[in-house]
Amino acid sequence: MSEIDPALNSGNAASSSAAAGANERKLARKETWRLIRRRPSFIIGMTIALIWVVCALFGNLLAPFDPLNFRGDLNSSPTWSHPFGTDKGGRDVLSRVIAGARDVLKIAPIAAILGVIGGVILGMFMGYLRGWFDSVASRIVESFLSLPVVLLGLLAVTTLGNSNVVVIGVVATLFTPVVARTVRSAVLAESELDYVESAKLRGESTPFIMFREILPNVSGPIVVELTVRIGYAVFTVATLSFLGAGPPPPSPDWGSQVSDNYNSIVSGYWWSTFFPAMAIASLVIAVNLIADAVQSVVESS
Amino acid sequence: SACGGDDDTSAPAVTAGGDDAPAATDAPVPSGGIQQGGTMRIASQRPGSPLDPVAMDNIGSYTPVVQSFEYLCGKGEGAALAPMLAESWSPNADGSVWTFILRQGVKWHTGGPFTSADVVASLGRLAGANLGASITPDSVKALDDFTVEVTLLNADGQFPYLLSPYNPQASITPADYELGTLFDQRPDGTGAFILESFDLATGANYTANKDWWGGVPYLDRLEIVFSDDNATQINGLLGDQVEAVIQFAVSDADALFSSDAVTVESTRGAGHRQIWFNVREGMFSGDNGHKIREAVAIGIDRSKLIEQVLQGRGDIGNDHPIAPAYEFFDASLPQRERDIERAKALLEEAGVPGLAVTMYAPDLQEIALLAEVVQSQLKDIGMDITLGVESTATFYDRWCLVYDSTVEPTGCDGGADFGIVDYGNRGTPDRYLVAAYATGEWNSAHYNSPEFNEAVKVYQATVDLASRKEAIKLVQKIAHDDIPYVIPYFYHTLTAYKNNVQGIVTTGLGHYYCGKAGFTA
Amino acid sequence: MSDSPQTSGTVPALAIEDLQLAYTVRGVPRGVLRGVTFHVEPGEAYGLVGESGCGKSTTAYAAMRYMPSNAVIQGGRVLADGQDVTAMSTQELQEFRMTKASMVYQDPVQAMNPALRIGVQVAECFRILGQSKIEAKDSARQALRRVKIADPERVLDRYPHELSGGMLQRVVIAMALAGDPKLLVLDEPTTGLDATVEAEVLDLVRDLRSETHAAILLIAHNLGVIRTMCDRVGVMYAGRVVEEGTVQEVFDNPSHPYTMGLLNSIPRHGVRKTDRSLFTIPGNLPLIGTDLPTCVYVDRCPLADDICRNEVPPIVDRSDGHWTRCHHADKIDQIKPPEHENNDFDIGTDTIVKLAAVSKTFRQRGNDVPALVSIDLGFKEGETLGLVGESGSGKSTLAKTLLGIHEPDQGGSIHLDGRLVKDKATDRRVESIRAFQMVFQNADSALNRMWTVRRILHRSVTKLAGIHGAEADKKVNDLAEAMRLSQRHLEMKPRQLSGGLKQRVAIARAFAGDPRIVVCDEPTSALDVSVQAAILNLLANLQNDERTSYLFITHDIGVVRYLSDRIAVMYLGRIMELGTTDQIFAGPNHPYTEALLSAVPSIDGDARPRIPLTGEIPSPANPPSGCVFHTRCHRVIMGLCDITDPDTIELADGHTSKCHLTAEQLSVPVTFTSATV
Amino acid sequence: MRRYLLKRLGAIIITLWMLATIVFMLVNVLPGDVGRRVLGPTAKLEDVRAYNAKLGTDKPLIEQYFRSIKNLFTFDFGDSFQSGGPVMDLILPSLGRSAKLALLAFIITIPISIAAGIFAARRQDKLADRVVVNAGLASSSVPEFVTASVLLAVFAVNWKVGKVYANVPSGTSLFGQLEYLLLPAMAMVISYFGYIARMTRAGVITALHADYTRTATLKGLDSGQVMRKHVLRNALAPTITVISVQIGYLFGGIIGVEKVFNYAGLGTLMLNAVGKKDIPVLQTTVLIVGMIYMVSTLLADLLIAFLNPRVRLDGGS
Ligand SMILES: Nc1ncnc2c1ncn2[C@@H]1O[C@H](COP(=O)(O)OP(=O)(O)OP(=O)(O)O)[C@@H](O)[C@H]1O
Ligand SMILES: Nc1ncnc2c1ncn2[C@@H]1O[C@H](COP(=O)(O)OP(=O)(O)OP(=O)(O)O)[C@@H](O)[C@H]1O
Ligand SMILES: [Mg+2]
Ligand SMILES: [Mg+2]
């Protein structure tokens, strides 16, 4: 990394191989990873998130009971055989919470990824092309932002029905303008930089400049946005289910579990609400912890 | 929502009266313990449509209106009628002309006297609407200030039920009450409570009508507090913000059963859930279809369903719409029991072992839960059911398939071969039998059996209990054997109030009267 | 480890004794100051110089005991007026900062709170001294007057962003002087300011110094500033003072190889590229925390031998008060400048690039901003045209218009080899695109951070040279070699490279095709002097080999003189004077050039009369009538200059000036009264 | 400044128009025509037709669209399908209630969370900071309907502290209203505490590291003065932005809290309107919430500009 000065020291250290260079690149990437991994918030967040991912993938093996099947007592408080108790249908809450992970993890990340992809493309064009396209798109973005997410979601789900595809589509659509705004401002700042001008001086085409030159440089905010969005997606899906516009039953998704059971809290049957609620919170917190770690490393590098 | 299909405009609400006893409503009898004074707050569903007494179509709207507007006939003991604005009524020999003797001395809230002119005008308005099938505007004649004669288009021995709370749109409004006027614009009734303010967002407030013909109400004030779901209604009761919750689903009532401060009344009724099959075409039709239907009928475990879905608060169903709560119910028909082996065998015979099929259901009250339990129970007989549980709006939209204004509605046929739909409590099973189970607009099973229709006709023609009991036997049996639908249970409706509340009269349709209600010490 | 401090009878205003300071990075304390010792006598001005990162600011802030939370003092003392700053209580420290010592910082724009009016911020300094609101306001007014702000009332009412950098620096100085401090620490107070503004600020500091008798610790990159401002200077390297003495002694007889390297990297004494290459210092400053047990400079020293590696160098006294810390102080003259590789700067006769009547008007919030007004210029093959002028005069705009980044107004034209080229770069034909290239000021922003150097060069080669595959790979390697970039560097991303290396990559990229003209917009202004020298040498050598023309934009008069064949002086989007380098430096000059040149502080110690440029540069949106320079001109003839825009006249062969005054009139020296702002 | 304001107002109007367009499109993809939807599946064809004719919903879509935009700008929002009365009669009281609740929530949240943010920033990376940061994260990670349900069950039902229904009976004294509104407000406070505290913290940390803070310290100001006079003014800009964005959401986004506490605010109104397909109400509430959002962000920008004159110059005039 030291500067080799031409005047007195004519490049004697200059002949290391290209392989070493590739190695260095890998090291740099590893270094970023290492920095992220070292953060306690990342470790905690990742651990929690991984637990839920495992539940989502192998839920049917892990769940002690059939999450949809009815057995035993209704509303029985936590015991050794039902550590999270049973709900008002007599179903094992633990099994339902484990099974619920799949719904959330099927929907939230996909919705977030789609939203981020849409937002990146839109934001890229807005920030780079500017002019009338940006003005028009900005107004549309702004009008979406001024709407309560949940309301739009409700409206769309009422209109289109509540299948997983619709929920994913709705959340992704709602995230697109939000992400676009972030990407736009990153791209705006980025296109002020001279390398963009230098690419123009080289005769590069606009798509090349946008997607090959600028895009990699705004990957930091995009990665941050993605992690943050996953958290919001979990939250949004839960809220939509609570309001009756989530994934359709019998999916034991956490939001509908809370929605189905929250009125039993007053009877003292707190467990059937508490555990799915905590599941939502823990996953959102976990994703946010990861986002925090990613953000601070991305922003400091 | 408190009354099954009544809570949504697009729900298959069936509101008609019959002359037979519905479920007994154990309304507390006003006792000497009631004190004068106090404000009663009752949690109710929010009105779903404008408070047009003639056009309103949901429980949320009936409730505020009936506190002020009354009917000619009121609710009596059990399913019987009692005098209200009419002191007595009588038919001619064949039941085609009815004469109503009106109560004298009744005053409108604005002070004018109630006379036969008001009744003539009210019924005239109804002739263009809800009572169109029974009367025309010319059918109603005032014989004098307090006598009205109604000539029916077709003879009907049970006509007064159509002028009672069982037909909520039939309330009597002032003579000059224009069609389309909303109750909150002109709350000028004869009832026990005078509307003071109405706010769709929060609720309706009333003061007692000191000039009420039934006497001075105990309560000074009545407040109806609107909310959107049973959960908040029940929370309100537990949180001391209302004194009563009328008719709610058992699935939300956990908290009430365990509370000492609250009395919960469980009322047997005829409200039920119907698991329908399309028997006209598709896999559920024909002989093979019958086998599958029977497999489903004996594949489910009804008592367990009642236990898990209703926490035991329901009467077992036997795949016909006659509830055990009806006086004339025939108990001799053998109850269908679960038989997994036979169900499997039937599926095998039908050539569809491990049948995979989608079952549609609205996400209403306990129905989603019911669907899930049915799904899991039928797994035992090898059926693989996919659930299509949809929001009520989506469900009924699809169910009724009338989306545009270019076609005349053809009724609601379910739009699917297999599903669950809700039926609210009725005073008589007539409307179920006619509208939903034969050729009416709610026949999702497309069931059309001449035999059954004939049996229903015979039943309807009966005038006394004994013959009715006899007639219903066949109705029950045909439905039970044909299995166009599975009826797993008849749910009980619940009413809860603070221990010191007495005298609220509930109608079984979700609305209630508080003229004689009050607080004990 | 300890230096032997100079002892004297009085208590020094500031005495730093063997200060050792480390910054904790990832849990490990990393040494930055490795035993700094010097003192500043009352009333004395002491300069501290050294490469970026050698610890100058760290020392300055330590003197104020204002340190980042990860700083650890590992040894030594900081005595201000005899009091140990490191041992003060919070209360004492506040008192100390209020009344004993003050600081002036680089970048005055950042140093002022953007949300508060100047008046509030200045008055605050007096409020904490116990004055009432009204008193403080009054004092604030006086304080501004003291720093020669003509209209304090108006300035007090302003917000920082409404004032120029020079004005703000005056305000910061006024605040610093509020408590009548005995010690004034100035950390690069004029870096980032225009030469003309810098000169004014320095004049002010000099005046105030004689007025207040405060001791001054002045840190500056610009050695000329140190020379003109300070009595004594300390040369710092890797957290240690390696040479100290009076400015004359140190600057004229450097006795440490490092000092020597620093001074000789700068084009001094009118040296030109045709004379010789510039000195450079090989290698880099060691990273903080590096273990340097013996001579701190040993790794980069051309004289280093075994003794340097094994023994701590002694303090060698050169003359009274001038000492150096070197084993080989007497062999210092052996260090020789490098030679040119090829020394015939041969300028073609044909004009290859020509601008005719090029104007550029920006539209900003509905106003027209004419940033360029009818520029005519020609470039010959292999020629360097230097472009100078105050900030905002339109230099970059000219460059970008030439390159096709900005579209010129209707009516102007740009020709390449006699053929008209399209206005917009994206519309230009491949040959024209390849002919015009640029080296940006800030290599950080000019290189794509996510691309490796190889990818950057490869892409440029394919686009600009039009070659692909193995041929392109080879060309990349050749380019790298020519820029003295190693294979290892090719695989790195820009942020892994030092500033100098980044600028080399940028230059390599510009030369990837076969550019006819390369625009260099302040390519070295962000670099240390020695790195600057290396880059200038590289540019000179490349020009020598490729016969490329340069448009070289800079604020540094020494650099422009070294590299340019001709120089154009710009003001408010107009070329005021154009001539060969010799003509420009010999004069007679346009009054603007005169003022500009007089503002440059000389490292060589020759005193010139300063011609102040009064007032601020007018806004191009709303230029003065007549000659646009008349509002600030010291030779203004009212009634003529403010009415008539002068024509461009020829002062000598190829030497033009846009002024009403003739060569004879211009050679008469002017006398003027010291102006206030 | 005036120019800036005019420009912003122009943008708001255009955004509102877009918003109205989006909503128009959304409600028009709802299956079934309006008359059919309102009158129900069994209503007679002629009735449906008459109803549509009355509302004008039998006209071509493009005509309806222009009419709805015209109505928007003439403040003619039509009648609710649910109440039969003018939409505004429903919306205004709900808006008032939502505003009251939001105001209370803000009065509690803002000082607490800003104080916590400052507190954390001053102890950056110490234990106290971590506690605030993570508590903030956790509090904003639990959906507000969960918080609301727990508060309701624990306080209102179990301990009889506060009310189950947040609707304040008319004539209740200002202090008495607290009893009704405190619990739902607290649910909102808990949800928003995290965002605001974390934003404040970030802003304060940035400002603490700014050069002008150094200048202030080296003037000899004590740390309290530095914080009050120099840091906060600059640090609060991002916080204000966050708050302004939240205001929009508070009016419409806290449907969950309103639902749990049966509070008749805008959220409940919207939820209902969706359920009952009350299009006029839906359209108008959405527009109003959008307007609140836009106006509050405008006000925030003005406030930021007031606090930071540099923005004033950049943004306008
Ligand atoms: N808080 C810090 N933590 C870690 N390293 C630091 C910190 N502050 C400065 N450094 C490093 O310490 C070294 C000395 O910094 P300092 O600012 O004193 O240099 P300087 O001589 O003033 O340089 P410049 O001319 O660029 O201002 C540099 O390498 C710098 O990167
Ligand atoms: N894109 C633009 N829009 C509006 N005005 C501009 C634009 N770019 C430059 N200007 C204005 O044009 C004038 C010349 O700017 P330019 O950047 O060319 O100056 P410069 O001589 O390069 O200054 P510096 O030495 O600070 O780099 C300035 O007043 C500047 O404000
Ligand atoms: Mg420094
Ligand atoms: Mg420039």
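Worth saying up front: this structure is predicted, and the values here are computed from it rather than measured. Just so we're on the same page: letters track the sequence lines, and every chain starts at 1.
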Structural part of [X] lying under 4.5 Å from a heavy atom of chain D:
| X | result |
| --- | --- |
| C/Q121 | both |
| C/M103 | side chain |
| C/Y61 | side chain |

Close side-chain approach of [X] and [Y], heavy atoms under 4.5 Å:
| X | Y | value |
| --- | --- | --- |
| C/L184 | C/L217 | no |
| C/L79 | C/V85 | no |
| C/I16 | C/L33 | no |

So D/F24 and D/Y65, would you call those rings parallel, tilted or perpendicular, with 30° and 60° as cut-offs?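 Plane angle over 60°, so perpendicular.
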Would D/R122 and D/D129 pass as an ion pair if we require N to O under 4.0 Å?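 Judged by the 4.0 Å cut-off on N to carboxylate O distance, D/R122 and D/D129 do not form a salt bridge.
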May I ask you to decide whether C/K100 forms a salt bridge with C/D81, counting only side-chain N to carboxylate O separations under 4.0 Å?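 No, no charged N to carboxylate O under 4.0 Å.
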Heavy-atom distances under 4.5 Å only: say whether D/Q124 touches chain C with side chain, backbone, both or neither.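 No part of D/Q124 comes within 4.5 Å of chain C.
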In terms of heavy-atom pairs under 4.5 Å with chain D, which of [options] leads?
| options | value |
| --- | --- |
| C/D107, C/T99, C/I128, C/T90 | C/I128 |
| C/M175, C/Q94, C/E95, C/R127 | C/Q94 |
| C/E124, C/M98, C/M112 | C/E124 |

Among D/T215, D/D222, D/T213, who wins on heavy-atom pairs under 4.5 Å with chain C?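 Result: the option with the highest number of such pairs is D/T215.
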